[in-house]
Trainee: 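One structure, pasted below without further comment.
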Amino acid sequence: MSADEITLVSTRWQERYSRKIVSASDAALKITSGDSVYIHSNAAAPASLIEAMIDRAPELRDVTILHLLTMGTAEYARKEFAQSFRVHALFIGENVRQSVNEGRADYMPVFLSEIPALFEREIVPIDVCMIQVSPPDAHGYCSYGVSVDCTIAARRKARIVIAEVNKQMPRTLGRAFVHIDKFDYVVECDRALPELLAAHPTEVEQTIGRNVASLIEDGATLQLGIGSIPNAILLQLGDKRNLGIHSEMLSDGVIDLIEKGVVTNDAKTVLPGKIAVTFVIGSRRLYEFVNDNPLFEFQTSDYINDPFVISQNYKMTAINSALQIDVTGQVAADSIGDYLYSGVGGQVDFIRGAARAKDGKAIIALPSTAKNGTISRIVANLALGSGVVTSRADVHYVVTEYGIAQLYGKTLKERMQALISIAHPDFRDKLEADCEKLHWH
Ligand code: COA
């Protein structure tokens with residue numbers, strides 16, 4: 001091929017690309033009443049397109065807005081837009097929690113590993129897919145950036161794909177690329193991604209972090225779930241050696257461990273040498289760190305979260321949190337009674353995968369109390385209406401600031417004793433009394 005021909009091939013996509021560029025308001029005109037619109041997750045929610053869609057609220061009716069966790073204000077979930085938009089949340093973030101609990105939005109419990117198949121099999125149909133990507137490279141490929149998770153399946157099944165091409169979206173590597181030919185419309189922008197800054201861990205969280213750290217062996221591959229506990233754990237791992245990461249999500253805490261040489265990924269048995277992840281949420285520092293960084297292998301959630309894949313990691317150690325746990329080990333993590341709080345996410349995927357792995361550990365870590373110490377999170381019976389995210393057969397270790405309860409291979413009675421021993425001392429007598437009413441006690 002001559003140099004001229006190479007130039008011709010490489011510029012052809014640019015012509016096609018420029019023909020796709022429209023304003024955000026013109027792109028939003030492609031949405032029609034009754035459509036199901038998928039919104040890219042986490043920090044990749046396409047803010048300009050969402051704003052333009054909301055501007056069309058007066059003329060749109062019954063548009064389903066489908067998404068996992070998203071950052072941003074999610075204005076479409078507001079009461080005044082109820083005729084126009086109805087949210088179907090596959091994970092409940094703070095921005096849609098009120099509308100879900102007021103019955104104006106719907107929640108779909110589902111394993112993160114299985115969401116792509118819901119789209120692929122059209123069990124959950126998608127008409128319009130609105131994503132946010134990095135600018136195209138020399139070959140016309142954009143990166144899904146900070147959030148790969150379920151986006152490929154959503155994009156593949158949508159009738160119309162609208163891409164917000166953001167100069168500030170990092171170019172992440174792995175199965176993270178999409179060619180501009182897959183877009184129907186492009187909206188260009190240059191805006192900062194939303195950040196989530198980790199709060200400094202409380203005393204209780206630091207103690208939980210130390211207790212969990214005592215279970216983490218050198219050479220382990222870690223998954224860290226969502227919430228305030230994971231960051232506290234990462235801060236306690238400075239003296240570990242040769243850790244690896246295979247996790248659905250990551251936040252800032254991991255950067256220091258990489259820079260200290262604690263996270264090497266050398267002992268990993270799946271994708272050795274790489275941090276395997278489906279999305280990151282954190283500060284601008286994290287977004288810059290993952291940009292063009294071959295250390296990170298971004299992959300879809302049907303791969304990263306597949307319990308079979310997870311279980312092939314030697315010493316896979318999964319650490320997730322809970323809102324409430326009963327004395328038999330049933331974990332409520334997406335709801336408090338019938339108040340819906342978050343989602344199933346990858347908790348069960350990772351707990352199951354880690355439990356099956358050679359020398360794996362499945363850990364639930366939670367503070368012993370909530371609401372400033374007024375409520376025990378360890379209870380005789382889950383609050384009426386609570387959904388069980390992780391079953392009692394799946395939980396191996398439970399950790400609070402009072403210690404570690406090992407439940408695997410234990411009877412209900414033994415579990416009860418182990419869990420009461422790590423409950424807050426103020427609640428242990430009441431727990432004993434409540435448990436006496438249980439038939440099997
Ligand atoms: N009773 C009443 N309120 C409770 C409670 C209980 N048993 N447990 C927690 N709460 C309250 C807390 O006080 C807090 O209230 P506030 O916001 O007013 O302070 C709120 O509920 C959130 O609790 P907290 O423990 O701080 O949540 P978190 O941000 O650490 O997240 C989970 C914990 C369980 C919600 C989170 O890990 C999750 O969503 N898990 C399910 C999905 C998952 O694990 N995925 C894995 C990989 S992403």
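Numbering of ligands and ligand atoms starts at 1, following listing order. The first residue in the sequence is number 1, and the count goes up from there. The structure presented is a predicted model; accordingly, all values stated were derived computationally and were not measured.
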Trainee: Is there a side-chain contact between Ile245 and Val254 (heavy atoms, below 4.5 Å)?
Mentor: yes

Trainee: Under 6.0 Å between ring centres: does that hold for Tyr402 and His424?
Mentor: yes

Trainee: Below 4.0 angstrom from a heavy atom of Asn320, which ligand 1 atoms are there? Numbered from 1 as shown, please.
Mentor: 44 (O), 46 (C), 47 (C)

Trainee: Do the rings of His396 and Tyr408 sit parallel, tilted or perpendicular, given the 30° and 60° boundaries?
Mentor: parallel

Trainee: Do the rings of Phe81 and Phe85 sit parallel, tilted or perpendicular, given the 30° and 60° boundaries?
Mentor: perpendicular

Trainee: Are Tyr107 and Phe91 near enough that their ring centres are under 6.0 Å apart?
Mentor: no

Trainee: Considering only the protein, which heavy-atom contact is closest to atom 5 (C) of ligand 1, and what is its distance?
Mentor: Ala370 CB, 3.5 Å

Trainee: Below 4.0 angstrom from a heavy atom of Ser321, which ligand 1 atoms are there? Numbered from 1 as shown, please.
Mentor: 34 (C), 37 (O)

Trainee: Ligand 1 versus Ile226, non-hydrogen atoms closer than 4.0 Å: side chain, backbone, both, neither?
Mentor: both

Trainee: Is there a side-chain contact between Phe177 and Arg171 (heavy atoms, below 4.5 Å)?
Mentor: yes

Trainee: Which atoms of ligand 1 are found less than 4.0 Å from any heavy atom of Val344?
Mentor: 42 (C), 43 (C), 45 (N)

Trainee: Quick one: does atom 18 (O) of ligand 1 have a protein heavy atom under 4.0 Å from it?
Mentor: yes

Trainee: May I ask you to check if ligand 1 and Gly345 share an N or O to N or O distance below 3.5 Å?
Mentor: no

Trainee: May I ask you to list the atoms of ligand 1 that are less than 4.0 angstrom from any heavy atom of Ala322?
Mentor: 34 (C)

Trainee: Looking only at protein heavy atoms, identify the closest one to atom 11 (C) of ligand 1 and say how far it is in Å.
Mentor: Ile336 CD1, 4.2 Å

Trainee: Roughly how far apart are Leu407 CG and Tyr397 OH, rounded to 0.5 Å?
Mentor: 10.0 Å

Trainee: Does this structure show an ion pair linking Lys240 with Glu217, if we count only N-O contacts that are shorter than 4.0 Å?
Mentor: no

Trainee: Quick one: look up the protein heavy atom nearest atom 24 (P) of ligand 1 and list residue, atom name and how far away it is.
Mentor: Arg377 NH2, 3.9 Å

Trainee: Under 4.0 Å from any heavy atom of Tyr341, which atoms of ligand 1 are there?
Mentor: 20 (C), 22 (C), 35 (C)

Trainee: Please report which non-hydrogen protein atom sits nearest to atom 31 (O) of ligand 1, along with the residue it belongs to and the distance in Å to one decimal place.
Mentor: Gly227 CA, 3.7 Å

Trainee: Run down the list Leu366, Leu112, Leu323 and name the one with the heavy atom closest to atom 7 (N) of ligand 1.
Mentor: Leu323

Trainee: Looking only at side-chain N and O atoms, does Gln347 offer a donor or acceptor that is under 3.5 Å from a partner on Thr390?
Mentor: yes

Trainee: Is the shortest N/O to N/O distance between Gln223 and ligand 1 below 3.5 Å?
Mentor: no

Trainee: May I ask whether atom 47 (C) of ligand 1 is less than 4.0 Å from at least one protein heavy atom?
Mentor: yes

Trainee: What atoms in ligand 1 come closer than 4.0 Å to a heavy atom of Glu248?
Mentor: 47 (C), 48 (S)

Trainee: Of all the non-hydrogen atoms in the protein, which one sits nearest to atom 15 (O) of ligand 1, and at what distance?
Mentor: Lys371 NZ, 3.6 Å

Trainee: Do Phe279 and His40 make the cut of ring centroids closer than 6.0 angstrom?
Mentor: no

Trainee: Should one rank Pro367, Ser228, Ser386 by closest heavy-atom distance to atom 30 (O) of ligand 1, which comes out on top?
Mentor: Ser228

Trainee: Give a yes/no verdict on whether any heavy atom in Ile229 is under 4.0 Å from an atom of ligand 1.
Mentor: no

Trainee: Check the pair Ser368, Glu401 against side chain to side chain donor-acceptor pair (under 3.5 Å), reporting the backbone distance first and the verdict last.
Mentor: CA-CA 7 Å; Ser368 67; Glu401 70 275 28; 2.7 Å; yes

Trainee: Looking at atom 32 (C) of ligand 1, what's its closest protein heavy atom, distance included?
Mentor: Ala333 O, 4.2 Å

Trainee: If you measure from atom 42 (C) of ligand 1 to every heavy atom of Gly343, Ser342, Ser335, which option wins on shortest distance?
Mentor: Gly343

Trainee: Quick one about Thr300 and Asp302 (side-chain donor to acceptor, distance below 3.5 Å, no hydrogens or angles considered), yes or no?
Mentor: yes

Trainee: Do ligand 1 and Gln347 have nitrogen or oxygen atoms that lie under 3.5 Å from each other?
Mentor: yes

Trainee: With no hydrogens and no angle check, just 3.5 Å: does a side-chain donor-acceptor pair link Gln312 and Thr269?
Mentor: no

